[in-house]
Number of protein chains: 2
Amino acid sequence: MQEHKKNIIGGLNKLFDHRVRLGIMAMLLVSERVDFNQLKAQLGITDGRLAGHIKALEEAKYIEALKQFIGKRPNTSYHVTGAGREAFKEHLDALERLLTLRDNLPPREGD
Amino acid sequence: MQEHKKNIIGGLNKLFDHRVRLGIMAMLLVSERVDFNQLKAQLGITDGRLAGHIKALEEAKYIEALKQFIGKRPNTSYHVTGAGREAFKEHLDALERLLTLRDNLPPREGD
DNA sequence: AAAAAGTACTTTGAATGGCAAAGTACGCAA
DNA sequence: TTGCGTACTTTGCCATTCAAAGTACTTTTT
């Protein structure tokens, strides 16, 4: 356990500060291969935006693309790398540490 | 249960897409009153930056300030509102739904 | 053959967000 | 009176994010 953190948010990964990137990672951790159009549909964003976020994750080596043809059509699918899996796990662990400052929301009185 | 969401990230709150804001909320849910300098110390950021993030949360009515004097010195402490508590809970629920697409990281083979 | 549509992008340009550093206002302490 | 602590705001810059349009290639439709 590496507890050399100077602050409580130090373990959080900047790349995962964004919902779209969070969504991409979650999807890729469930189904090890998800293609461009599935991501686009599930996330409900434009292809340009999706391409940008994918690029960021690819540059961090958290995900990789596989380009192939399915029948006659081009198809690009993505999968998470070992590094991506690890980075995401670390992020979630940090998040959990942050949140189990609070374990359960107390019923709270007058506000 | 309101399941009228068109995409998997729709329940996530934009305001909580940021680690600092996430940290502030977590702290305020643990200790119902936390002052400016405690936040600053725990988050490890400058006062200007902290003030900005606090302002965003105040404008959303997720937190409120209490200004008083402790002894001779001014002291501003913050507490989370009912709306803030609810919004944060919703965000965490959405996050959990997103992540329990994946429940446990499977041991995964060749990469 | 020409037009439309699909796939997976890139580019553009504008808006928004994030930052450190400096400045401010107040009272208190030396 | 000079400086310190508290809690900001302002400034000016840089990075990020976005929708929309453009691109290149292929397939499908007409």
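Letters A, B, ... are given to chains in the order of the sequence lines, protein chains preceding strands, and every chain is numbered from 1. All values below come from the heavy atoms of this structure, side chains included, with hydrogens, waters and symmetry mates left out.
Applying the side-chain contact (heavy atoms from CB on, under 4.5 Å) rule to Ala65(B) yields the partners Glu58(B), Thr76(B), Tyr78(B); only residues at least two apart in sequence or on another chain are considered. Residues that satisfy the side-chain hydrogen bond (donor to acceptor under 3.5 Å, both in side chains) test with Asn37(B), not counting sequence neighbours, are absent from this structure. Applying the side-chain hydrogen bond (donor to acceptor under 3.5 Å, both in side chains) criterion to Asp47(A), with sequence neighbours excluded, gives no partner residue. Considering only residues two or more places apart in sequence or on other chains, Asp35(B) meets the salt bridge (Lys or Arg N to Asp or Glu O under 4.0 Å) condition with none of them. Every residue two or more places apart in sequence or in another chain was checked for a salt bridge (Lys or Arg N to Asp or Glu O under 4.0 Å) with Arg21(B), and none qualifies.
His79(B) and Glu32(B) share no donor-acceptor pair across their side chains, judged by distance under 3.5 Å alone.
Contacts between chain B and DNA chain D, taken as any atom within less than 4.0 angstrom of a protein heavy atom, begin and end at dG5(D) to dT9(D).
Taken residue by residue, residues 50-59 of chain A places heavy atoms nearer than 4.0 Å to DNA chain D at His53(A). Residues of residues 70-78 of chain B that place a heavy atom closer than 4.0 Å to DNA chain D, in numerical order, are Arg73(B), Pro74(B), Asn75(B), Thr76(B), Tyr78(B).
For Lys67(B) and dC26(C), the NZ to C1' distance is 12 Å, given to the nearest whole Å. Here the C1' atom of nucleotide dA20(C) and the NZ atom of Lys40(B) are 13 Å apart, to the nearest Å. Across the protein-nucleic acid pair, Arg21(B) atom CZ and dT16(C) atom C1' stand 12 Å apart, rounded to whole Å. Atom CD1 of Ile45(B) and atom P of dA20(C) are 8 Å apart (whole Å).
Within 4.0 Å of Arg19(A), counting heavy atoms only, lies no atom of the nucleic acid at all.
A salt bridge is defined here as a Lys NZ or Arg NE, NH1 or NH2 lying under 4.0 Å from an Asp or Glu carboxylate O, and Lys89(A) with Asp93(A) meets this definition.
In this structure the side chain of Leu39(A) reaches within 4.5 angstrom of the side chain of Leu50(A), judged on heavy atoms.
Counting only residues at least two apart or on different chains, the ring pair (Phe, Tyr, Trp, His ring centres under 6.0 Å) pairs with a member in residues 41-64 of chain A are Phe16(A)-Tyr62(A), His18(A)-His53(A). Judged as a salt bridge (Lys or Arg N to Asp or Glu O under 4.0 Å), not a single pair has a partner in residues 67-82 of chain B (not counting sequence neighbours).
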